Asker: 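Structure in C-alpha cells, see below.
The structure displayed is predicted, hence computed values, not measured ones. Throughout, protein chains are lettered first and strands after them, A, B, ... in sequence-line order, and every chain is numbered starting at 1.
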Protein chains: 2
Amino acid sequence: MNDKQEIILDRFTQLCKAHGLKITPQRMAVYNALKTSKEHPSADKIHKQLVCDFPSISLDTVNRTLITFARIQIIDVVEGQGEPRRFDPNREDHHHFYCLSCNKIIDFHDPDLGQIQLPKEITCTFTITGKRLCLTGYCDHCSHQAPARAADITK
Amino acid sequence: MNDKQEIILDRFTQLCKAHGLKITPQRMAVYNALKTSKEHPSADKIHKQLVCDFPSISLDTVNRTLITFARIQIIDVVEGQGEPRRFDPNREDHHHFYCLSCNKIIDFHDPDLGQIQLPKEITCTFTITGKRLCLTGYCDHCSHQAPARAADITK
DNA sequence: TTGACAAATAAGTATTAATCCTATTTAATA
DNA sequence: TATTAAATAGGATTAATACTTATTTGTCAA
Ligand SMILES: [Mn+2]
Ligand SMILES: [Mn+2]
Ligand SMILES: [Zn+2]
Ligand SMILES: [Zn+2]
C-alpha cells in the first residue's frame, strides 16, 4: 500500500465512524477502488476489479456499499442514459462530458460555470442540491473513428 | 381527435416519409402519446397509457419505436440516474431539474444559459452535440413533505 | 481479552428493464 | 390487387438491481 492509499483509508475510517458504519475489509476495498479510479465505474466494474484480490466479495455487497457511500455523501452517483448506474469518486464541483459512442464520462472544470445564475422561478420553487453542466457528443478518440455520426442510443 | 393532435400527426407523416419509415398505427399512437405528454415518460409508461385504446400493442414495439424516433432525432432521450430510460418530446434547447424523491424531471428555460461559453480544451478536443444544465434536488411538493432530506438514490 | 449483539456479508432468488428471436401481419408501391 | 420488405406481437433471454436469509464479523462494554 502506498502513501496515497494510506491517506485515503485513514480518511475513510474517520468517515465511517462519524456515520456509525462498521469498518469492514469489503468497504475498505470498495472505497479504495473507487477513490483511486480516474473513471466513473459501475458497480459491476468495481466488483470485477476487486475479485482478483478478494475472491469472495459479492456483487451485491459492492453495489450496496456504493449506495451506502452515496447516501452518506462521500461519493456521488452520476447521471447516465439508462445504462448501468455509475459512481463518481470526485465530489468537487465539476461538469461532465458523455461520449455517446464509448460511454466514457469525462470530467471538466470551469470557474466561470460555477457562477451560473439560475432563474428565480427555479431557486424559489425547488430545493437545489446539485448543479452541473452535461455535455454529450463524441470524444477525441471516437470522433476520429466515425465523424458526423448521429446519436445512437443503443451504442 | 382535436386540432392540436391533427397538426402533430400531419407533421409526423411528413417526418416518417422523409426518413423512409412506414406509417403504422402503433407509431402514430406512440408519437402522439409522447408529443402530447407534459412529462418525460418511460417506454413502460407510454405503453401502459396506450394499452387502454390499443390492447394489442406490445411493450417491445413501444420501446423500439421510441428508439427509432430518437435515432431520426424527432424526440430525445434524457439523462437519468440508472432508472428506466426516459424520453423527451421537447426538442427545443432547455434544461432539466430532477426531483430525487418523486423522480419527476422538470423543464426550465433560461436565455442566459444558452450563452454559456465552454472551455476551449473541451470544444477543441471533443465533438459536442448537446449541452444542458442538470439540476438535482427536491421539487416543491417533495420539499414540503421531507425538508432537508439527504439524497437517497434508491428512492 | 472475551462475550454479546447488532450490523454486514455471501449466495441464492426475485424483479425489472431492455433486447432478441421469429412467425405472422401489414404498409407501400406498381 | 399482388408483391415484397418492413414492422409487429409475443415469448424467450439477458443484464442490472434488489430482496431474503443463514452465517459471519466488527464493535463495545464487561
Ligand atoms: Mn465526475
Ligand atoms: Mn425536457
Ligand atoms: Zn468515446
Ligand atoms: Zn418531487
Asker: Taking the side chain as C-beta and beyond, is there a heavy-atom pair between Arg86(B) and Glu39(B) under 4.5 Å?
Answerer: no
Asker: Given dT9(C), is OP1 or OP2 found less than 4.0 Å from the side-chain N or O atoms of Thr24(A)?
Answerer: yes
Asker: Take atom CD1 of Ile67(A) and atom P of dT17(D), then tell me their distance rounded to the nearest Å.
Answerer: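 Computing the Ile67(A):CD1 to dT17(D):P distance gives 8 Å.
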Asker: Asp44(B) or Pro25(B): which one's nearest nucleotide on DNA chain C is closer to the 5' end?
Answerer: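 The residue whose closest nucleotide sits nearer the 5' end is Asp44(B).
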Asker: Would you please confirm or rule out a distance under 4.0 Å between OP1 or OP2 of dA9(D) and any side-chain N or O of Gln26(B)?
Answerer: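 Looking at the OP1 and OP2 atoms of dA9(D), one of them is under 4.0 Å from a side-chain N or O of Gln26(B).
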Asker: Figure out the NE2/P separation between His47(B) and dT8(D), and round it to whole Å.
Answerer: 13 Å
Asker: If I take atom CG in residue Leu59(B) and atom P in nucleotide dT8(D), what distance separates them, rounded to the nearest angstrom?
Answerer: 13 Å
Asker: Over all strands shown, is Ser58(A) touching base, sugar-phosphate only, or nothing at heavy-atom distances under 4.0 angstrom?
Answerer: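 Answer is base: heavy atoms of Ser58(A) come under 4.0 Å of a base.
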Asker: For Gly130(B), is there any backbone N or O sitting under 3.5 Å from a side-chain donor or acceptor partner on Thr136(A)?
Answerer: yes
Asker: Atom CG in Leu9(A), atom CZ in Arg27(A): separation rounded to 0.5 Å?
Answerer: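 Nearest 0.5 Å value for the CG-CZ distance: 14.5 Å.
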Asker: Looking at dT19(C), dA7(D), dT17(D), which one has an atom nearest to any side-chain atom of Arg85(A)?
Answerer: dT17(D)
Asker: Just the rounded figure in Å: distance from C1' of dA18(C) to NZ of Lys45(B).
Answerer: 19 Å
Asker: For the residue pair Asp107(A) and His40(A), confirm or rule out a side-chain donor-acceptor distance under 3.5 Å.
Answerer: yes
Asker: So, is Asn63(A) close to the dA18(D) phosphate, meaning a side-chain N or O under 4.0 Å from OP1 or OP2?
Answerer: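 Result: yes.
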Asker: From dA7(D), dA8(C), dA18(C), pick the nucleotide closest to the side chain of Arg64(A)?
Answerer: dA8(C)
Asker: When you match Lys22(B) and Ile57(B) each to their closest nucleotide on DNA chain D, which lands nearer the 5' end?
Answerer: Lys22(B)
